[in-house]
Amino acid sequence: MTLQHIGVIGAGTMGNGIAQVCAVAGFQVTLIDIAQSALQKALATVGKNLDRQVAKGSLSQEQKLAALDKINTSTDYASLHGVQLVIEAATENLELKLRLLQQAAAQVSAECVIASNTSSLSITQLAASVSHPERFIGLHFFNPVPVMALIEVIRGLQTSDATHALALDMAQRLGKTAITAGNRPGFVVNRILVPMINEAVLVLQEGLASAEDIDAGMRLGCNQPIGPLALADLIGLDTLLAIMQAFYDGFNDSKYRPAPLLKEMVAAGYLGRKTGRGFHVYD
């Protein structure tokens, strides 16, 4: 199968980023969301991102217009008819993802590959919710999608070699580097990264150092481009909490217990950059 048409479910930060890179790479894209306002916002975001690329000289005005022309939006899952790959990019919530995947599977052909952009949930469990689970795979893009070069490709127990090969080919056509991971909570990157961030929250909670000093220490002492608490704010504290809870439940190991301060910050609505306040304050 020659991949030409990709469906993306969810027009939020990850969804519109995935739609953008797919369109720039020449794929036809159908972007689905429950709200027309979310779709309009997504197209505006993609347009601004492409304008920045044009200003930097990495994209021509003609390429920008061609990419925008390749993105169609809809609130109707029937619009997915004819796509060859559908990527679910909704919030990290198991019940929500299962519902959206089942809605998508009801509209696409039995040959259509179905993928989830989950960062921590079981690909095997998600695959079991659709017919022909051998066509299901995890495609974990990283935020911001147009900038980050990595895609984690996660095989579930049922994933076929043909499905895996198509995912690797798509990543290459997007200009991304793919690594293949097995189906364990957090896969590779988040399995290492998120517990480190959680430990930074515990250090802050204990009053060992300020948020600014923790971030400076890890940037200057470990050569990280961004401190762990600033990264937490960028990712979203609610997302981090969901991932840590998935680790805790999945491994049944106390070393993955979410930091109480992280839980309290989320309860207070201090979710990071998207709310203007997390471990740091933003304009």
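All figures in this text were calculated on a predicted structure; none of them were measured in a lab. Heads up: numbering here begins at 1 and tracks the sequence.
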Would you please say whether a donor-acceptor pair under 3.5 Å links the side chains of Thr159 and Glu134? no
Flag yes if Met14 and Leu234 sit in one hydrophobic cluster, no otherwise; membership is Ile, Leu, Val, Met, Phe, Trp, Tyr, and two members link when side-chain heavy atoms are under 4.5 Å apart. no
Could you go step by step and tell me if Leu208 and Leu204 meet the side chain to side chain contact (heavy atoms under 4.5 Å, CB included) rule? CA-CA 6 Å; Leu208 187 60; Leu204 178 66; over 6 Å; no
Can you name the side chain to side chain contact (heavy atoms under 4.5 Å, CB included) partners of Ala42, sequence neighbours left out? Ala11, Asn16, Leu31
Under the side-chain hydrogen bond (donor to acceptor under 3.5 Å, both in side chains) criterion, do His140 and Thr118 qualify, and how do the steps go? CA-CA 6 Å; His140 180 209; Thr118 180; over 6 Å; no
Which residue pairs pass the salt bridge (charged side-chain N to carboxylate O under 4.0 Å, His left out) test with at least one member in residues 140-168, sequence neighbours excluded? Arg155-Asp161
Non-hydrogen side-chain atoms of Val24 and Leu50 separated by less than 4.5 Å: yes
Using a cut-off of 6.0 Å, state whether more than 12 heavy atoms not belonging to Glu212 lie near its atom CD. yes
Run the side chain to side chain contact (heavy atoms under 4.5 Å, CB included) test on Ile235 and Ile197 for me, step by step, so that the C-alpha distance in whole Å, both residues' side-chain angles and the decisive distance to 0.1 Å come before the verdict. CA-CA 11 Å; Ile235 294 169; Ile197 295 175; 4.1 Å; yes
Under 4.5 Å between side-chain heavy atoms, chaining through other members, with only Ile, Leu, Val, Met, Phe, Trp and Tyr counted: pull out the rest of the cluster around Val147, sorted by chain and number. none
Using the rule that two of Ile, Leu, Val, Met, Phe, Trp, Tyr join whenever any of their side-chain heavy atoms come within less than 4.5 Å, decide whether Leu174 and Val29 are in one cluster. yes
Please examine the side chains of Arg135 and Cys112, heavy atoms only from C-beta on, and report whether any two atoms are closer than 4.5 Å. yes
For the residue pair Ser79 and Asn72, confirm or rule out a side-chain donor-acceptor distance under 3.5 Å. no
Show, in sequence, the C-alpha distance, side-chain angles and deciding distance for Thr13 and Asn143, and conclude whether the side-chain hydrogen bond (donor to acceptor under 3.5 Å, both in side chains) test is met. CA-CA 8 Å; Thr13 300; Asn143 185 33; 5.8 Å; no
Determine the minimum heavy-atom distance between Thr124 and Gly156, stating which atoms define it. OG1-CA, 3.5 Å
Asp33 and Ala38 have their tightest heavy-atom pair at OD1-CB, 3.5 Å
Might you point out which heavy atoms bring Gly17 and Pro146 nearest each other, and give the distance in Å? CA-CD, 4.3 Å
Separation of Gln20 CD from Thr45 OG1 (nearest 0.5 Å): 9.5 Å
Quick one: list whatever passes side chain to side chain contact (heavy atoms under 4.5 Å, CB included) with Gln4, sequence neighbours left out. Thr2, Gln84
Is a donor from one side chain sitting under 3.5 angstrom from an acceptor on the other, for Glu88 and Ser116? yes
Hydrophobic cluster (4.5 angstrom, side-chain heavy atoms) - remaining members for Leu65: none
Flag, side chain of Lys97 to backbone of Glu92, donor-acceptor distance under 3.5 Å: no
Got Val194 and Leu240 here, is their nearest side-chain heavy-atom distance under 4.5 Å? yes
In terms of hydrophobic clustering (I, L, V, M, F, W, Y; side-chain heavy atoms under 4.5 Å; direct or indirect links), are Phe27 and Val153 co-clustered? yes
Lys176 side-chain N/O to Met148 backbone N/O, donor-acceptor pair under 3.5 Å: yes
Does any part of the side chain of Asn183, heavy atoms only, come nearer than 4.5 Å to the side chain of Ser122, both counted from C-beta? yes
If hydrophobic clusters are built by linking Ile, Leu, Val, Met, Phe, Trp and Tyr wherever their side-chain heavy atoms come under 4.5 Å apart, do Leu3 and Ile151 end up in the same one? yes
So which heavy atom on Thr275 is nearest to which on Gly269, and how close? OG1-O, 3.5 Å
Looking at Gln172, I want to see if its CD is surrounded by more than 12 non-hydrogen atoms of other residues, nucleotides or ligands under 6.0 Å. no
How long is the gap from NZ on Lys48 to CZ on Arg52, to the nearest 0.5 Å? 8.5 Å
OG (Ser58) and NZ (Lys64) are apart, to the nearest 0.5 Å, by 12.5 Å
N/O donor to acceptor pairs below 3.5 angstrom from side-chain atoms of residues 246-263, sequence neighbours left out:
| residue | atom | partner | partner atom | Å |
| --- | --- | --- | --- | --- |
| Asp249 | OD1 | Gln245 | NE2 | 3.2 |
| Asp253 | OD1 | Lys255 | N | 3.0 |
| Tyr256 | OH | Arg191 | NE | 3.1 |

Hey, what else clusters with Leu100 if you join Ile, Leu, Val, Met, Phe, Trp, Tyr whenever side-chain heavy atoms sit under 4.5 Å? Ile9, Ile32, Tyr77, Leu80, Val83, Val86, Leu94, Leu96, Leu98, Leu101, Val108, Ile114, Leu121, Ile123, Leu126, Val130, Phe136, Ile154, Phe187
Under the rule for side chain to side chain contact (heavy atoms under 4.5 Å, CB included), what residues qualify as partners of Glu95, not counting sequence neighbours? Asn93
Would a 4.5 Å heavy-atom cut-off, applied to side chains only, mark Leu150 and Val189 as touching? yes
Contacts of type side chain to side chain donor-acceptor pair (under 3.5 Å), residue Asp238, not counting sequence neighbours: Lys274
Separation between CG (Leu237) and CZ (Arg273), nearest 0.5 Å, reads 12.5 Å
What is the distance from atom CZ of Phe279 to atom CG of Asp233, rounded to the nearest 0.5 Å? 6.5 Å
Which pair of heavy atoms, one from Gln28 and one from Asp69, lies closest together, and at what distance? NE2-O, 4.2 Å
With no hydrogens and no angle check, do the side chains of Ser37 and Gln40 hold a donor and an acceptor under 3.5 Å apart? no
Under a single-linkage definition using a 4.5 Å side-chain heavy-atom cutoff for Ile, Leu, Val, Met, Phe, Trp and Tyr, are Ile137 and Val188 assigned to the same hydrophobic cluster? no
Does any donor atom in the side chain of Thr30 or His5 lie under 3.5 Å from an acceptor atom in the other side chain? yes
Under 3.5 Å, sequence neighbours excluded: what are the donor-acceptor pairs made by side chains of residues 213-228?
| residue | atom | partner | partner atom | Å |
| --- | --- | --- | --- | --- |
| Asp215 | OD1 | Leu229 | N | 2.8 |
| Asp215 | OD2 | Ala230 | N | 3.0 |
| Asp215 | OD2 | His280 | NE2 | 2.7 |

Hydrophobic clusters join Ile, Leu, Val, Met, Phe, Trp and Tyr when side-chain heavy atoms are under 4.5 Å apart, directly or via other members; which others share one with Val281? none
Nearest heavy-atom contact between Leu39 and Ser74 is CD1-O, 3.5 Å
List the residues meeting side chain to side chain contact (heavy atoms under 4.5 Å, CB included) with Ala78, not counting sequence neighbours, and say none if there are none. Asp76, Gln107
Rounded to the nearest 0.5 Å, the NZ atom of Lys56 sits from the CD atom of Gln53 at a distance of 7.5 Å
So, Glu264 versus Gln205: side-chain donor-acceptor pair below 3.5 Å or not? no
